[in-house]
Visitor: 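I'd like to ask some things about the structure below.
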Amino acid sequence: MSVTVLVGAQYGDEGKGKIVDFLSEQMDMVVRFQGGDNAGHTVVNEQGSFKLHLVPCGIFKKGGKAFVGTGMVVNPDELLRELAEIESQGVGTSGLFISSRAVILMPYHIELDNLSEKSGRTNIGTTKRGIGYAYADKARRNALRFEDLLDLSYCEKRIRAVMPTVNAELAAKGGREFAVEEILDKAKFWAEKLAHRIVEPVSFVNQAIDEGKNLLFEGQLGAMKDIDLGIYPYVTSSNPVAAYAAVSAGFPVRKITEIVGVMKAFSSAVGDGPFPTEMDPTTADGFRGKGDQIDDEFGARTGRARRLGWLDLPVVRYAAIINGFTSIALCKIDKLDTYDEIKVCTAYKLDGKVIDYMPSAKDLYRVEPVYVTMKGWKTSTREVREYKNLPENAKKYIELIESAAGVPVRYIGVGPARNEIIVK
Ligand code: GDP
Ligand code: IMO
Ligand code: MG
């Protein structure tokens with residue numbers, strides 16, 4: 001029996017999809033535990049190349065289960081589109097189930113997100129998938145859940161109850177209002193297409209744990225974008241930290257056996273907010289690529305050019321503290337192969353003094369990163385499959401991460417594909 005939780009250790013897009021796909025070979029079930037289709041998780045394996053948004057990256061494991069968990073906000077149209085897409089690539093989806101308690105992300109949530117972003121008043125740079133508004137409706141008890149699709153007369157009552165609040169907010173923002181019938185028709189369609197996949201989540205997950213199965217909980221985004229612990233307000237609307245896997249699925253926290261923090265060998269972020277180690281535009285362009293390769297630095301969800309920066313160890317250390325990593329998966333070490341020198345931020349100074357905590361967003365804009373310069377290794381690591389064969393300077397880079405985070409680096413990504421990995 002193992003319960004592994006896998007989360008992002010930076011600002012998202014660390015390579016979670018690749019590592020989940022790799023680890024899912026040993027898993028009986030993979031559960032996505034928060035977020036929605038703001039995620040873009042890239043998987044490259046023998047079945048093809050995929051960018052998954054709602055479907056857990058364990059879907060490729062034959063005979064395994066993939067669970068769309070309670071803590072998520074799920075746009076059913078997007079889920080159906082994604083299922084159809086991967087089925088057309090020959091991937092079986094009969095093992096995919098949805099928590100009856102997951103929130104349904106509605107078309108009006110997307111409309112509201114777009115109106116907010118357009119107004120320029122919030123400046124968060126969201127993915128415009130309606131995530132914040134779906135979670136807001138959940139918190140103010142105005143959301144519908146997948147269980148409501150199983151009883152359409154109850155569902156209709158709920159739609160009639162929630163729509164006046166929604167339409168008032170749309171009207172106040174100058175958006176189009178939605179008729180009850182329009183949402184009800186959608187609900188009927190979703191019920192027809194998805195009812196057979198909806199299950200009661202607490203018994204579903206706990207039974208699997210009690211039967212001694214191997215479960216992997218897949219997080220979305222990363223520590224710095226956590227609504228409580230990240231760079232508020234430039235965050236998402238859920239908790240991408242490991243402990244939330246237990247809250248979301250309804251199992252005891254003490255049953256977690258492994259917590260894997262996924263990080264990339266440098267930093268990237270999408271959207272607004274402080275980013276202390278951000279590179280100058282010319283250096284960043286060199287890292288980013290032109291967008292014609294699967295591992296170029298463009299958002300897997302929105303296609304936006306990612307902001308890029310040097311490795312920020314205070315971020316990784318903070319992520320290790322709030323998550324309790326038992327190991328780290330370090331992706332994209334190969335992307336540093338050609339550099340003479342590599343900068344690494346080891347601490348922040350605020351008002352001239354080194355600080356030993358993660359400041360909130362307002363002060364994070366003002367911190368001065370303290371850098372060390374590491375020597376590059378100037379050889380390709382793409383073909384390396386054993387730790388001992390990595391160049392010495394790459395090992396030094398990895399050791400620096402281990403000592404900053406206080407956690408061993410167990411997996412090292414040397415390319416986008418499933419097998420381009422070193423297990424240390
Ligand atoms: P996620 O959101 O954490 O799943 O990460 P994304 O899929 O959004 O972004 C990670 C990007 O890095 C994708 O383009 C992956 O194909 C790529 N990637 C992941 N691991 C590696 C690696 O070890 N080396 C290289 N070159 N690319 C990687
Ligand atoms: P994965 O799972 C990177 C960012 C957005 C914005 C903020 C809030 O692929 O790592 P939201 O749409 O959630 O309300 O946007 O969070 N963001 C991501 N950045 N990777 C993601 O997902 C992201 N999901 C949201 O750019 O700054
Ligand atoms: Mg991503």
Side-chain angles (χ1 to χ4, degrees), residues 6-22 32 34-45 49-54 56-57 72-73 105 109-110 112-114 116-117 122-136 218-227 230-238 240 261-266 268-275 287-289 291 293-304 306-307 329-337 380-382 384 411-422:
L6 178 147
V7 290
Q10 294 157 315
Y11 296 82
D13 303 332
E14 297 91 347
K16 298 177 291 293
K18 176 196 156 105
I19 303 297
V20 173
D21 176 56
F22 174 74
R32 254 290 297 276
Q34 41 72 234
D37 67 297
N38 48 350
H41 295 179
T42 312
V43 169
V44 180
N45 59 26
S49 293
F50 307 85
K51 288 185 188 289
L52 297 180
H53 308 296
L54 288 167
C57 295
M72 293 184 71
V73 290
L105 187 146
H109 294 135
I110 301 171
L112 287 163
D113 196 357
N114 273 294
S116 281
E117 286 291 305
T122 51
N123 268 343
I124 291 165
T126 73
T127 57
K128 300 188 187 166
R129 314 303 295 195
I131 305 300
Y133 285 90
Y135 277 114
E218 172 184 355
Q220 184 262 330
L221 247 179
M224 296 300 279
K225 295 277 196 169
D226 181 284
I227 188 167
I231 48 168
Y232 195 87
Y234 307 99
V235 291
T236 194
S237 302
S238 65
V262 185
M263 59 176 285
K264 52 171 83 147
F266 46 95
S268 76
V270 195
D272 291 327
F275 187 21
F287 261 95
R288 187 177 293 114
Q293 302 296 317
I294 187 92
D295 57 349
D296 285 348
E297 290 290 346
F298 291 83
R301 170 76 275 183
T302 58
R304 288 179 288 181
R306 291 184 185 137
R307 298 164 69 192
L330 173 66
C331 290
K332 291 201 147 180
I333 191 94
D334 55 296
K335 286 284 168 183
L336 300 176
D337 284 349
S380 174
T381 54
R382 282 297 285 266
V384 179
Y411 309 98
I412 300 151
V414 289
R418 179 191 278 186
N419 63 353
E420 290 177 304
I421 196 163
I422 298 167

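Atoms within each ligand, like the ligands themselves, are counted from 1 in listed order.
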Visitor: Heavy atoms only, cut-off 4.0 Å: how does K225 contact ligand 2, side chain, backbone, both, or neither?
Guide: side chain
Visitor: Under 3.5 Å between some N or O of ligand 2 and some N or O of E14?
Guide: no
Visitor: Nearest to atom 6 (C) of ligand 2 by heavy atom, G8, G271, G132, G125: which?
Guide: G125
Visitor: Less than 4.0 Å is my threshold; does some heavy atom of R129 fall inside it relative to ligand 2?
Guide: no
Visitor: Taking 4.0 angstrom as the limit and counting only heavy atoms of K18, give me the atoms of ligand 1 inside it, by number and element.
Guide: 19 (C), 20 (N), 21 (C)
Visitor: Could you say whether the N/O atoms of K128 and ligand 2 ever approach to under 3.5 Å?
Guide: no
Visitor: Ligand 1 and G40, any nitrogen or oxygen pair closer than 3.5 angstrom?
Guide: yes
Visitor: Checking contacts here: is it the side chain or the backbone of H53 that comes within 4.0 Å of ligand 1, counting heavy atoms only? Could be both or neither.
Guide: neither
Visitor: Name the closest protein heavy atom to atom 15 (O) of ligand 2, giving the residue it belongs to and the distance to 0.1 Å.
Guide: T126 CA, 3.4 Å
Visitor: Between D37 and R301, does any NZ, NE, NH1 or NH2 come within less than 4.0 Å of an OD or OE carboxylate oxygen?
Guide: yes
Visitor: Hey, looking at atom 14 (O) of ligand 1, which of T42, D296, I294, I333 has the closest heavy atom?
Guide: I294
Visitor: If you measure every N or O of K264 against every N or O of ligand 1, does any of those distances drop under 3.5 Å?
Guide: no
Visitor: Specify the protein heavy atom at minimum distance from atom 17 (C) of ligand 1: its residue, its atom name, and the distance to 0.1 Å.
Guide: K332 CE, 3.6 Å
Visitor: Could you grab the protein N, O or S atoms closer than 2.8 Å to the Mg ion (ligand 3) for me?
Guide: D13 OD1, G40 O
Visitor: Could you identify the single nearest non-hydrogen protein atom to atom 24 (N) of ligand 1 and state the distance to 0.1 Å?
Guide: D334 OD1, 2.8 Å
Visitor: Please work out, at 4.0 Å between heavy atoms, whether the side chain, the backbone, both, or neither of R304 comes within that distance of ligand 2.
Guide: side chain
Visitor: Side chain, backbone, both or neither: which part of K16 comes within less than 4.0 Å of ligand 2 when only heavy atoms are counted?
Guide: side chain
Visitor: Considering both backbone and side-chain atoms of R382, is one of its nitrogen or oxygen atoms within less than 3.5 Å of a nitrogen or oxygen in ligand 1?
Guide: no
Visitor: Say whether V235, considering both its backbone and side-chain N or O atoms, lies within less than 3.5 Å of an N or O atom on ligand 2.
Guide: no
Visitor: Report, in ascending order of atom number, the atoms of ligand 1 lying under 4.0 Å from any heavy atom of G17.
Guide: 4 (O)
Visitor: Relative to the heavy atoms of K335, which atoms of ligand 1 are at a distance of less than 4.0 Å?
Guide: 26 (N)
Visitor: Within a distance under 4.0 Å of any heavy atom of H41, pick out the atoms of ligand 1 and give their elements.
Guide: 1 (P), 2 (O), 4 (O), 7 (O)
Visitor: With respect to atom 17 (N) of ligand 2, which of I131, D37, L221 exhibits the smallest heavy-atom separation?
Guide: L221
Visitor: Using a strict 4.0 Å cut-off to heavy atoms of V414, name the atoms of ligand 1 that fall inside it.
Guide: 23 (O), 24 (N)
Visitor: Test of understanding: given a 4.0 Å heavy-atom threshold, classify the contact between D113 and ligand 2 as side chain, backbone, both, or neither.
Guide: neither
Visitor: Looking at non-hydrogen atoms alone, which of E117, Q220, Q34, R301 comes nearest to atom 24 (N) of ligand 2?
Guide: Q220
Visitor: Within ligand 1, which atoms have a heavy atom of E14 less than 4.0 Å away?
Guide: 3 (O), 5 (O)
